Amino acid sequence: MSIGMGDFATDTEPYRRELLAHCYRMLGSVDDAEDVVQETYLRAWRSYEAFQGRSSVRTWLHRIATNACLSALSHRSRRFLPSGLGGPADDPMNPPMAAEVQWVQPIPDSMLDPAAIVAARDSLRIALIATLQELPGRQRAVFILRDVLAWPAADVAQVMGSSTAAVKSTLQRARARLAQTPPDVEQTVEPGELSAVLAHYIAAVEEADGTALEQLLRVDARVEATPWRTWFSGRATCLPFLVQQVLGSPGTWRLLPTSANGQPAAVAYHGGQAYGILLLTVTPAGIARINAFGDPGLVKRFGFPASV
C-alpha cells in the first residue's frame with residue numbers, strides 16, 4: 001500500500017522539536033543537531049513504507065536520530081567549553097589565549113518545545129551538555145534516554161538495537177564515568193527573578209558599570225568565553241578581567257534579552273556588530289556563571305540581525 005507524504009508528516013512532525021533536543025544533547029551543537037534532524041527525517045521518509053509499527057513512531061524516530069548522531073560523532077571531534085581544557089587563569093590582566101577546538105554551542109529556547117523546557121530545564125543546562133560530551137557515543141545515548149528522558153530500559157533497547165541487559169550495563173558505565181566529573185548544574189531561581197537579574201546584567205554591561213556587575217556576581221562566579229581557552233573562577237579575578245579587558249566604555253556593548261538552554265541569555269553586539277551569545281547561570285546567591293559564545297553566526301541562529 002502506498003503511503004502519502006501527508007501521512008508521514010502527520011505521524012512524524014510532532015516529534016521534530018523533541019528530536020532536535022535529543023540530537024543537541026548528543027552533539028553539543030545546535031548547527032550539528034539541526035543537520036542530523038534533517039537527515040533523520042530524510043531517512044525516515046525513505047523507509048516509511050517499510051515501517052510496520054513494531055515500535056511507536058516516537059521510538060522509531062529516536063532510533064534513526066540516535067544512529068545518525070552516533071555516525072556523526074564518529075567523524076567529528078569532541079566539543080568543549082573552556083573549563084574542559086584546563087584550570088582557571090590566575091592573572092586577569094594577561095590577554096586570553098585562543099584554542100583551535102570545536103566548542104559547545106547554546107541552543108535558542110525558541111527552537112525547543114516550551115513544555116519540555118519547563119519540565120526538563122536542568123537537562124538542557126549548558127554545564128550538563130558540556131559534561132555529556134565526555135561520554136563515548138553509545139554511553140551518552142543510553143544515559144540521555146534513561147536518566148535524562150526517563151525512558152524504560154526496554155524502549156531504550158529498541159532505540160539502541162540491543163538487549164535490556166546491555167542497556168543496563170552501558171548505563172552503569174556511563175554513570176560511573178560521570179561520577180568522576182559530575183556536571184556543575186546550579187540551583188536556579190524562578191522565571192521572574194531570572195528576568196530581573198538579566199535586566200540588571202544588561203544594564204551593567206551596556207553602562208560599563210563594574211560596581212553594578214560586582215553586586216550581581218556570586219563570590220565563586222566563573223567566566224568563560226569562547227574562542228578563548230582562558231577562563232576565570234572567583235569574583236576576585238572575574239571582575240578585574242571584565243572591567244579591564246571586556247566592558248570598555250559606556251555604549252561599547254549593546255545587549256538584547258533572549259533565552260537559551262532554559263537559561264537567561266543576551267544577544268551581544270560589540271561596536272554595533274554581532275559578537276555572539278551571553279548565557280547566565282543564575283542562583284539565589286547571584287550569577288554563578290557567565291558563558292560567552294563569541295560566534296557572530298549564533299546571532300543569526302537566534303533570529304537577530306547582524307548589526308544594530
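Nothing here was measured: the structure is a model prediction, and the numbers come from that model. Residues take their numbers from the sequence shown, with the count starting at 1.
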### Query
When you look at Thr66 and Ile144, which way does the side chain to side chain contact (heavy atoms under 4.5 Å, CB included) test go after all the steps?
CA-CA 11 Å; Thr66 298; Ile144 291 169; over 6 Å; no

## Note on the structure
Sequence neighbours excluded, the answer for side-chain hydrogen bond (donor to acceptor under 3.5 Å, both in side chains) partners of Ser74 is none

### Query
Charged N to carboxylate O below 4.0 Å: is that the case for Arg79 and Asp32?
yes

### Task
Would you please name every residue forming a salt bridge (Lys or Arg N to Asp or Glu O under 4.0 Å) with Arg173, sequence neighbours left out?
none

### Task
Just jot down the salt bridge (Lys or Arg N to Asp or Glu O under 4.0 Å) partners of Arg78, sequence neighbours excluded, or say none.
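Listed in chain order: Glu134.
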
Verify the cluster assignment for [X] and [Y]: are they in a single hydrophobic cluster under the rule of side-chain heavy atoms below 4.5 Å apart?
X	Y	answer
Leu239	Val246	yes
Leu42	Tyr48	no
Val101	Leu81	no
Phe80	Leu135	no
Leu85	Leu132	no

Testing the basics here: between [X] and [Y], what is the closest heavy-atom pair and its distance to 0.1 Å?
X	Y	answer
Ala68	Val36	CB-CG1, 3.6 Å
Ala221	Ile287	CB-O, 3.5 Å
Trp151	His62	CH2-CG, 3.6 Å
Ala130	Val104	CA-CG2, 4.1 Å
Pro106	Tyr24	CA-OH, 3.7 Å
Leu61	Tyr41	CD1-OH, 4.5 Å

About how many Å separate [atom2] of [Y] and [atom1] of [X], when rounded to the nearest 0.5 Å?
X	Y	atom1	atom2	result
Thr283	Leu194	OG1	CG	10.0 Å
Glu207	Leu213	CD	CG	11.5 Å
Leu280	Asn291	CG	CG	9.0 Å
Ser259	Ile277	OG	CD1	10.5 Å
Cys238	Ile290	SG	CD1	7.5 Å
Glu214	Asp209	CD	CG	10.0 Å

Donor-acceptor check, side chain of [X] to backbone of [Y], threshold 3.5 angstrom: yes or no?
X	Y	value
Gln133	Ile129	yes
His22	Glu18	no
Tyr269	Pro305	yes
Thr237	Ser233	yes
Gln105	Val30	yes
Arg218	Ala285	no
Gln158	Thr59	no
Gln244	Pro92	no
Arg140	Met26	yes
Thr131	Ala127	yes

### Task
Among Arg301, Arg76, Lys300, find the residue that satisfies the salt bridge (charged side-chain N to carboxylate O under 4.0 Å, His left out) test when tested with Asp31.
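Going through the options one by one, the only one that passes is Arg301.
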
Do [X] and [Y] come within less than 4.5 Å of each other through their side chains, counting heavy atoms only?
X	Y	value
Pro114	Arg17	yes
Arg125	Asn261	no
Phe232	Leu242	no
Met97	Trp228	no
Glu206	Arg254	yes
Pro82	Trp103	yes
Arg25	Ser123	yes
Ser83	Arg222	yes

### Message
Quick check on Asp90: does its CG atom have over 12 non-hydrogen neighbours (other residues, nucleotides or ligands) under 6.0 Å away?
### Response
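Count not over threshold, so no.
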
### Message
With a sphere of 6.0 Å drawn around NE2 of His200, does it hold more than 12 non-hydrogen atoms of other residues, nucleotides or ligands?
### Response
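Not more than 12 within 6.0 Å, no.
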
### Query
Any side-chain donor paired with an acceptor under 3.5 Å for Gln102 and Ser77?
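Not at all, the side chains of Gln102 and Ser77 share no donor-acceptor pair under 3.5 Å.
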
### Query
What do the steps show when you test Arg16 against Leu20 for side chain to side chain contact (heavy atoms under 4.5 Å, CB included), and what is the final call?
CA-CA 6 Å; Arg16 184 177 289 272; Leu20 180 64; 5.8 Å; no

### Query
Do the ring planes of Trp60 and Phe51 sit parallel (below 30°), tilted (30 to 60°) or perpendicular (above 60°)?
parallel

### Task
Please step through side chain to side chain contact (heavy atoms under 4.5 Å, CB included) for the pair Phe293 and Ile126, ending with a clear verdict.
CA-CA 11 Å; Phe293 299 90; Ile126 200 70; 3.9 Å; yes

### Val282 vs Tyr201, side chain to side chain contact (heavy atoms under 4.5 Å, CB included): CA-CA, chis, key distance, verdict
CA-CA 11 Å; Val282 180; Tyr201 172 77; over 6 Å; no

